[in-house]
Amino acid sequence: MSAIFNNCGTLLTFRVGPTDAKFFAEFYYNPDNNTGYKTQDIANLGKFTIIARVMTKDGLQSHPFTAYPLPPVKANPHANSELVKERSRQLIGSPKAVVRDSINQRAALDTISSND
């Protein structure tokens, strides 16, 4: 898992539990010079607060820092969610019968005959 995270250019972390905080402290805390964010710092982040380590355009990692992302956007009371759902279904949806047939056809290819 560490290998995967070490290859991340940018890492953002919201408040996490103690076990995960210990894991993320490896990326945010430098014990050699006592800088960055320790396990308890990460576990005690406030609401809507993140710790970030960003890859710069030169390919270098920034020092970790805290940031405050935008709070969740409130839904527009005049929005028509049913219209959005219907348009999404029209653009990317498929009838259930078509999906079932496709699944059954692919499943039949994976079935090994017991008569062999």
Next item on the list: Could you tell me whether the side chain of Arg87 and the main chain of Leu83 form a donor-acceptor pair under 3.5 Å?
Entry: no

Notebook entry, point to check: If you look at every heavy atom in Tyr37 and Tyr29, which pair is closest and at what distance?
Noted result: O-CB, 3.2 Å

Margin query: Minimum heavy-atom separation for Ala21 and Val16, please, with both atom names.
Written below: N-CG2, 3.4 Å

Next item on the list: For the pair Thr49 (side chain) and Leu45 (backbone), establish whether a donor and an acceptor sit closer than 3.5 Å, ignoring hydrogens and angles.
Entry: no

Check: What pair of heavy atoms forms the shortest contact from Ala25 to Lys38, and how long is it?
Finding: CB-C, 4.2 Å

Check: For the residue pair Asp41 and Gly36, what are the closest heavy atoms and their distance?
Finding: OD2-O, 4.3 Å

Checklist line | Phe14 side chain near Pro69 side chain, heavy-atom distance below 4.5 Å | finding: yes

Note to self: For Thr35 versus Asn33, what's the shortest heavy-atom pair and its separation?
What the structure shows: OG1-OD1, 2.6 Å

Notebook entry, point to check: Which heavy atom of Thr10 sits nearest a heavy atom of Met55, and at what distance?
Noted result: OG1-N, 3.4 Å

Note to self: With side-chain contact (heavy atoms from CB on, under 4.5 Å) as the criterion, how do Thr39 and Ile42 come out once you've worked through the C-alpha distance, each side chain's angles and the decisive distance to 0.1 Å?
What the structure shows: CA-CA 5 Å; Thr39 301; Ile42 299 167; 6.0 Å; no

Item checked: Step-by-step side-chain contact (heavy atoms from CB on, under 4.5 Å) determination, Ile51 to Phe65 -> CA-CA 6 Å; Ile51 296 176; Phe65 58 92; over 6 Å; no

Note to self: Looking at Asn104 and Arg100, would you say the former's side chain and the latter's main chain have a donor-acceptor pair under 3.5 Å?
What the structure shows: yes

Check: If you measure from CZ on Phe48 to CZ on Arg15, what distance do you get to the nearest 0.5 Å?
Finding: 10.0 Å

Next item on the list: Return yes if some donor-acceptor pair links the side-chain N/O of Asp58 with the main-chain N/O of Leu60 below 3.5 Å, else return no.
Entry: no

Checklist line | pair Ile50-Thr66: side-chain heavy atoms closer than 4.5 Å | finding: no

